[in-house]
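Quick note: residue numbers are just sequence positions, from 1.
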Amino acid sequence: QVQLVESGGGLVQPGGSLRLSCVASIRTFSSYAMGWFRQAPGKEREFVGAITWSRDSTNYADSVKGRFTISRDNAKNTVYLQMDSLKPEDTAVYYCAAARSFRPMVRSSDYDYWGQGTQVAVSS
């Protein structure tokens with residue numbers, strides 16, 4: 001049984017920050033690449049960022065590069081998404097996902113497990 005649980009979402013003002021967390025009940029967590037995706041109302045799910053199991057490399061969508069930072073703590077089975085300089089267009093439900101891969105995958109279809117999402121709203 002594999003379970004991913006996101007937390008840390010909420011309402012913030014433009015320019016603010018949030019840190020999302022995703023705890024994975026995966027016994028071989030260090031063998032998985034972890035990714036973050038988001039889905040805004042009326043839009044399809046899109047890639048945000050990903051990190052390899054060894055933390056050697058990351059990948060970010062152009063829309064968040066320089067503002068978001070993904071990290072992980074394999075000892076805690078947790079992946080994080082630090083979001084700074086938030087914009088209204090960042091408003092979405094954010095999902096974490098796990099893939100048995102050595103690379104930071106960018107396609108939704110590459111991921112094996114998904115969390116249920118956490119809401120992020122950026123508004124004045």
Side-chain angles (χ1 to χ4, degrees):
Q1 184 69 33
V2 176
Q3 186 176 27
L4 307 178
V5 181
E6 303 95 335
S7 63
L11 174 64
V12 297
Q13 295 183 350
S17 298
L18 282 175
R19 190 180 77 159
L20 306 183
S21 299
C22 175
V23 179
S25 61
I26 303 176
R27 296 181 180 180
T28 56
F29 180 73
S30 61
S31 298
Y32 287 78
M34 299 296 295
W36 285 97
F37 293 77
R38 66 186 182 186
Q39 187 168 16
K43 297 183 178 180
E44 295 184 349
R45 189 170 299 183
E46 66 174 347
F47 172 76
V48 175
I51 186 169
T52 60
W53 67 270
S54 64
R55 304 179 298 277
D56 288 338
S57 64
T58 55
N59 200 354
Y60 297 96
D62 289 339
S63 60
V64 305
K65 194 172 299 182
R67 299 188 298 118
F68 291 10
T69 303
I70 190 170
S71 61
R72 68 190 294 166
D73 186 337
N74 289 341
K76 297 180 179 179
N77 279 22
T78 302
V79 63
Y80 305 94
L81 182 67
Q82 177 66 44
M83 304 184 295
D84 299 318
S85 301
L86 283 163
K87 304 175 181 180
E89 50 264 44
D90 294 318
T91 296
V93 176
Y94 284 71
Y95 300 87
C96 66
R100 291 188 292 274
S101 175
F102 295 110
R103 301 178 179 86
M105 314 300 289
V106 301
R107 299 190 305 172
S108 296
S109 60
D110 290 329
Y111 287 83
D112 303 295
Y113 307 106
W114 291 83
Q116 295 183 358
T118 184
Q119 177 70 58
V120 173
V122 185
S123 176
S124 299

Residue Gln13 excluded, over 12 heavy atoms near CD under 6.0 Å | no

Nearest heavy atoms of Val2 and Ser25, plus distance in Å = C-OG, 3.6 Å

Please tell me if the side chains of Arg100 and Ser31 come closer than 4.5 Å, counting only heavy atoms from C-beta onward.
-> no

Do Arg45 and Trp114 touch side chain to side chain, with heavy atoms closer than 4.5 Å?
-> yes

Between Tyr111 and Phe37, is a side-chain contact (heavy atoms from CB on, under 4.5 Å) present by the stated rule, with each step listed?
-> CA-CA 11 Å; Tyr111 287 83; Phe37 293 77; 3.6 Å; yes

For Asp90, all residues meeting salt bridge (Lys or Arg N to Asp or Glu O under 4.0 Å), sequence neighbours excluded = Arg38, Arg67

Listed by chain and number, what are the salt bridge (Lys or Arg N to Asp or Glu O under 4.0 Å) partners of Lys87, not counting sequence neighbours?
-> none

List in chain and number order the residues that pass side chain to side chain contact (heavy atoms under 4.5 Å, CB included) with [X], two or more places apart in sequence or in another chain; answer none if no residue qualifies.
X: Thr118; value: Glu6, Leu20, Tyr94
X: Asn77; value: Phe29
X: Val12; value: Leu18, Leu86, Val122

Sorted by chain and number, sequence neighbours left out, ring pair (Phe, Tyr, Trp, His ring centres under 6.0 Å) with Tyr32 holds for none

Report yes or no: does Gln3 contribute a side-chain atom to a donor-acceptor pair with the main-chain N or O of Ala24 at less than 3.5 Å?
-> no

